[in-house]
Structure formats: C-alpha cells, structure tokens
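What follows is a single structure, and I will ask about it in a moment.
Just so we're clear, the structure is a prediction, and the values are computed from it rather than from any experiment.
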Amino acid sequence: MPIPANALFRAAGLVVEGTVPWATRPAEKCPGVYAISLAADPGRNAPLLTTAPICHRTIAAWIKGVPTLRLDNCPSPTVSDVAEALSGLWLADESVLYIGKATSLRSRVGQFFEHELGKARPHKGGHWIKTLANINDLHVHFCSRPSVRDAEIAESALLKAFVAQVSTHSRRLLGTIPPIPFANRRFPGCAKRCRITGDVV
C-alpha cells in the first residue's frame with residue numbers, strides 16, 4: 001500500500017529528521033539520505049495523482065538540447081512519446097518520487113535543485129524529476145548518517161522498503177520493471193528498464 005516518508009524511513013530503521021521545500025537547502029552538512037516527495041508532511045501521502053504531471057515544454061527543450069536522446073533506441077522522438085514513456089513509470093498511488101544518498105546533505109540536495117535536465121553534472125541521478133510541471137510543490141525529507149558508508153546502506157534499505165510495499169495495482173502496471181520511485185534508475189542488483197536512453201549530454 002502507499003507509504004508516506006515517515007513510514008518508509010521507519011521500515012528502513014531510520015527517522016525523518018527534517019523536511020525542506022523544493023529549492024531550499026537543508027542546513028545539515030553531514031552524510032545522509034533523502035526522499036523527494038509530493039507531500040509536505042512526512043507523515044502523510046499527498047492527494048492521488050493518477051497521471052504524471054509531465055511538462056511538455058520541458059520535454060521539448062530536453063530533446064532539443066540532447067541530440068543523443070533515444071526512445072526505444074530510435075532517434076528524434078516526439079515530445080508526446082517521451083512524455084508517455086515517463087508516464088508509464090509513474091506510480092499513481094505513491095508520494096515518494098526519488099530516494100538518494102549524500103556525502104553532504106546540504107551540498108547534494110542543493111546540487112539537485114541546481115541541476116539542468118539533460119546535463120551530465122552536477123546531479124544527473126534522478127533528473128527526471130525536472131520534467132514535472134509541479135516541481136516547485138515538492139518537498140525533501142531527510143535523515144543524517146554517521147558516515148558515507150552508512151548513507152549508502154541507508155539508501156539501499158530505503159529502496160528495498162519502498163519496493164516491498166508497492167501496491168499490486170502498481171506492480172501490474174510496471175510489469176517486470178522494478179517498482180522503485182519514479183525518478184530512481186537503479187535498484188540494488190539491477191537497473192530499471194526504460195525506453196529512454198542517451199538522455200544526458
């Protein structure tokens with residue numbers, strides 16, 4: 001069943017220590033993990049979004065700026081086709097859209113805010129978040145860890161906890177694709193199958 005950030009972190013043996021709105025850096029400079037969510041309250045899920053709020057104008061700029069972008073290994077994909085491919089990975093009953101780790105929460109989350117879709121740096125991991133029309137309504141829930149290694153372990157635990165509770169309906173929609181959050185590309189031991197490739201310069 002859908003899981004809010006507090007419950008997700010608890011399932012991984014962690015506690016949400018803070019929340020910031022999109023574009024606001026956490027004060028913490030220590031290692032840690034974070035979850036980008038539709039919900040401002042880590043104890044609640046956001047209202048259901050049955051379709052992904054993809055911004056077609058952003059997709060158009062992405063295609064234009066990244067000539068290597070392919071859909072089903074074919075060049076020159078249309079905006080509508082790319083949006084449809086991303087929408088096929090949307091988990092309509094989940095609020096958490098991305099799970100990540102950081103050597104410094106303040107620095108890494110800040111890099112995510114500053115990253116431009118299609119660029120190789122500073123934070124291409126999870127950059128599909130940048131395709132969302134409601135990006136400025138998102139929130140980041142985070143938890144500090146004693147070391148970088150602890151952050152890596154915590155990220156893996158969060159991803160596994162997320163997958164363990166995904167609804168039967170969402171699993172059916174994704175088929176054999178690991179049911180990890182929308183913008184995550186890798187699950188411990190495997191990568192998410194996706195029709196989109198070559199999506200960074």
Checklist entry - Under a 4.5 Å cut-off applied to non-hydrogen side-chain atoms, are Ile3 and Glu94 in contact? => result yes
Next on the checklist: Taking Val201 as the starting point, is it possible to reach Leu71 by hopping between hydrophobic residues whose side chains are less than 4.5 Å apart?
Outcome noted: yes
Next on the checklist: According to side-chain contact (heavy atoms from CB on, under 4.5 Å), who are the partners of Ile177, at least two apart in sequence or on a separate chain?
Outcome noted: Leu89, Leu174, Lys192, Arg193
Next on the checklist: Considering only residues two or more places apart or on different chains, which pairs with a residue in residues 113-122 satisfy side chain to side chain donor-acceptor pair (under 3.5 Å)?
Outcome noted: Arg25-Glu114
Item to check | Cluster overlap Leu132 with Val200, hydrophobic side-chain contacts below 4.5 Å | outcome: no
Item to check | For Arg106, side-chain hydrogen bond (donor to acceptor under 3.5 Å, both in side chains) partners two or more places apart | outcome: none
Next on the checklist: Show the nearest heavy-atom pair for residues Pro188 and Leu159, with the distance to one decimal.
Outcome noted: CD-CD1, 4.1 Å
Next on the checklist: Are the side chains of Pro26 and Val140 in contact, using a 4.5 Å heavy-atom criterion?
Outcome noted: no
Checklist entry - What are the two closest heavy atoms between Cys143 and Leu105, and how far apart are they? => result O-CD1, 4.0 Å
Item to check | Residue pair Leu38 / Asp137, side-chain heavy-atom distance below 4.5 Å | outcome: no
Checklist entry - How far does CG of Asn184 sit from OH of Tyr98, to the nearest 0.5 angstrom? => result 5.5 Å
Item to check | Same apolar cluster (I L V M F W Y, side chains within < 4.5 Å links), Ile99/Val148 | outcome: no
Could you pull out every donor-acceptor pair under 3.5 Å between side chains of residues 73-86 and any protein atom, sequence neighbours left out?
unit_1: Thr78; atom_1: OG1; unit_2: Asp81; atom_2: N; d: 3.0
unit_1: Thr78; atom_1: OG1; unit_2: Asp81; atom_2: OD2; d: 3.1

Side-chain donor/acceptor pairs under 3.5 Å, residues 44-62, sequence neighbours excluded:
unit_1: Asn45; atom_1: OD1; unit_2: Ser95; atom_2: OG; d: 3.2
unit_1: Trp62; atom_1: NE1; unit_2: Asp199; atom_2: O; d: 3.0

Checklist entry - How many angstroms lie between atom CG of Leu117 and atom OG1 of Thr131, to the nearest 0.5 angstrom? => result 7.0 Å
Checklist entry - If you look only at pairs with a residue in residues 9-37, which of them pass as a ring-ring contact (aromatic ring centres under 6.0 Å, His included), with sequence neighbours excluded? => result Trp22-Phe112, Trp22-Phe113
Checklist outcome for this item: So the ring-ring contact (aromatic ring centres under 6.0 Å, His included) pairs with at least one residue in residues 146-181 (sequence neighbours excluded) are none
Next on the checklist: For a 4.5 angstrom cut-off between non-hydrogen side-chain atoms, does Arg185 reach His127?
Outcome noted: yes
Checklist entry - Which heavy-atom pair separates Val96 from Pro181 by the least distance, and what is that distance? => result O-CB, 3.8 Å
Checklist entry - When you check the side-chain N and O atoms of His141 and Thr19, is any donor under 3.5 Å from an acceptor? => result yes
Next on the checklist: Can you list everything that forms a side-chain hydrogen bond (donor to acceptor under 3.5 Å, both in side chains) with Asp93? Sequence neighbours excluded, please.
Outcome noted: Ser167, Ser170
Item to check | side-chain hydrogen bond (donor to acceptor under 3.5 Å, both in side chains) partners of Ser144, counting only residues at least two apart | outcome: Glu17
Item to check | Interatomic distance, Thr24 atom OG1 to His139 atom NE2 [nearest 0.5 angstrom] | outcome: 8.5 Å
Checklist entry - Which atoms form the tightest heavy-atom contact between Trp128 and Cys194, and what is the distance? => result CH2-SG, 3.4 Å
Checklist entry - Below 4.5 Å, heavy atoms only, C-beta onward: do Val33 and Leu14 meet side chain to side chain? => result yes
Next on the checklist: Which residues pass the side-chain contact (heavy atoms from CB on, under 4.5 Å) test with Ser107, not counting sequence neighbours?
Outcome noted: Ser104, Gln111
Item to check | Pair listing, ring-ring contact (aromatic ring centres under 6.0 Å, His included) test, anchored in residues 171-201, at least two apart | outcome: Trp90-Phe182
Checklist outcome for this item: Smallest heavy-atom separation, Pro2 atom then Pro4 atom, equals O-CD, 4.0 Å
Checklist outcome for this item: Residues pairing under salt bridge (charged side-chain N to carboxylate O under 4.0 Å, His left out) where one sits in residues 146-167, two or more places apart or in two chains, turn out to be Lys101-Glu155, Arg149-Glu152
Checklist entry - For the side chain of Arg171 and the backbone of Val166, is there at least one donor-acceptor N/O pair under 3.5 Å apart? => result yes
Item to check | Candidate pair Ile135 and Lys130, rule side-chain contact (heavy atoms from CB on, under 4.5 Å), full reasoning | outcome: CA-CA 7 Å; Ile135 189 168; Lys130 300 285 184 164; 3.8 Å; yes
